[in-house]
Asks: 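Next up is a structure, given as structure tokens.
Here, residue 1 is the first one in the sequence, and each next residue gets the next number. Note that ligands are numbered from 1 as they come in the structure, with each ligand's atoms numbered from 1 the same way.
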Amino acid sequence: MISVEHTRKNNDVILVGIDLGTSRTAVMTNRGFKDIIHSVVGYPKDVIGLKLVGKSQVFGEEALRHHSALTLYHPLEDGVVREASKSDYNAAYELIKHVIEQARQGSGDEVCGVIGVPARASIINKELLVKLAQDLMSIAVVVSEPFMVAYFLDKLSNSIIVDIGAGTVDICGMKGTIPSPKDQVTLLKAGNYIDERFESVILQRYPEAQVTKNSLRIIKEQYGFVGTPPETVKVSMRVGGKPLELDITEELQLVCESIVPDIIEHLEAIIRGFDPEDQQQALLNIYLAGGGSKIKGIDSFIAGHLQEYGDVRVACVADPDYIGSAGALKMATEVPPELWNQVGFLS
Ligand SMILES: Nc1ncnc2c1ncn2[C@@H]1O[C@H](COP(=O)(O)OP(=O)(O)OP(=O)(O)O)[C@@H](O)[C@H]1O
Ligand SMILES: [Mg+2]
């Protein structure tokens, strides 16, 4: 938890909650604005690119659409801003600035906000992110994503948040305070890892298949599952130029399940980190968030692997795309900005 102190000059403030993710950034404001964009910034490669897109920087979907004309930056590639890279820092800065400009909707009012970042970035990139937030908003705090999820759910104590994102899975034990580094763990096998594995198993089985990681990601997002297959997954793909209908049920199951063993191993370590009298309650309050929580059957699959602990309840949060920014906005609204860096749980 990092805080930036400033003096608030007027009462007419726009409060924003931002969830700065590796793959997508969500924002919500106290004036009802809500949006989610891909965390990517593109700069035209040359004058032709500039002419094509008509501006010197492009964000989100628009940047992905014009990818061949642009140099693209994903500022939080592995859940952190690479400090050595000036362009990563600039891209992160421009991305947050863009998101805030959108969220303002033309208003000149002061903006105060809570920015959630991957747990690893909240530890490794502390100073950097504070500086960034400080430059862009009057009052700002930077918190780790799992904490915002717990805040939204009102589960700040004896609960465990498992945020399955693109670059990282963050597991965080909530003990009524800001989680210390030993209460959280970041695993680098997450959504992107599934996509890479998926590509390699498909190419292993069909060496001539014409697939892209992006098209496989879309298939994963539509059909991804673990445990008993809910349906046979058949997709049409071109193999050696010819369209073929392929049954990829087994491959998809294999790759989706590939991230689970690490999650279980570290979940167990986090459970052991609770006081023995609190462990039972923590086991009944395990919440899955992040885009990866939409993999079908993942809640019961994880619960099944924790059987020997007795009563266990694993639940997927209702709106994984917005829960982080909703938690950030909730915090921004409930606690007056002047107190953000004084309130016990935020200090
Ligand atoms: N329905 C779905 N089934 C399986 N995976 C999905 C689904 N929807 C999204 N995902 C995956 O979830 C990941 C994105 O999740 P999310 O938006 O929570 O990431 P993020 O917050 O940007 O990343 P991180 O938390 O690592 O910073 C991507 O890998 C995406 O493919
Ligand atoms: Mg995330």
Asks: Under 4.0 Å from a heavy atom of Gly290: which atoms of ligand 1 are those, numbered in the order shown and with their elements?
Replies: 18 (O)
Asks: Measuring from atom CG of Leu132 to atom CD1 of Ile96, what distance do you get when rounded to the nearest 0.5 angstrom?
Replies: 4.5 Å
Asks: Going by heavy-atom distance to atom 25 (O) of ligand 1, choose the closest among Lys296, His38, Glu145.
Replies: Glu145
Asks: Can you tell me how far CG of Leu95 sits from CG of Leu76, rounded to the nearest 0.5 angstrom?
Replies: 8.0 Å
Asks: Counting each atom of ligand 1 from 1 as listed, which ones have a heavy atom of Gly167 under 4.0 Å away?
Replies: 26 (O)
Asks: Nearest non-hydrogen contact with atom 11 (C) of ligand 1 belongs to which option: His74, Arg24, Lys220?
Replies: Lys220
Asks: May I ask which of Gly291, Gly224, Ala166, Pro118 has a heavy atom nearer to atom 18 (O) of ligand 1 than the others do?
Replies: Gly291
Asks: For atom 17 (O) of ligand 1, which candidate among Ser23, Ala289, Gly292 holds the nearest heavy atom?
Replies: Ser23
Asks: Mark yes when over 12 heavy atoms from residues, nucleotides or ligands other than Arg313 sit less than 6.0 Å from its CZ; otherwise mark no.
Replies: no
Asks: Within the 3.5 Å criterion, strictly below it, is a donor on Ser39 or Thr25 matched to an acceptor on the partner's side chain?
Replies: yes
Asks: Of Glu250, Glu251, Glu257, which is the lone residue that meets side-chain hydrogen bond (donor to acceptor under 3.5 Å, both in side chains) with Gln253?
Replies: Glu257
Asks: For ligand 1, is any non-hydrogen atom under 4.0 Å from Arg217's backbone (N, CA, C, O), its side chain (CB onward), both, or neither?
Replies: side chain
Asks: When rounded to the nearest 0.5 angstrom, what distance separates CE in Met237 from CD in Gln210?
Replies: 11.0 Å
Asks: Among the N/O/S atoms of Glu145, which is closest to the Mg ion (ligand 2)? Give the atom name.
Replies: OE1
Asks: Would you mind running through ligand 1 and noting each atom that sits below 4.0 Å from a heavy atom of Gly191?
Replies: 29 (O)
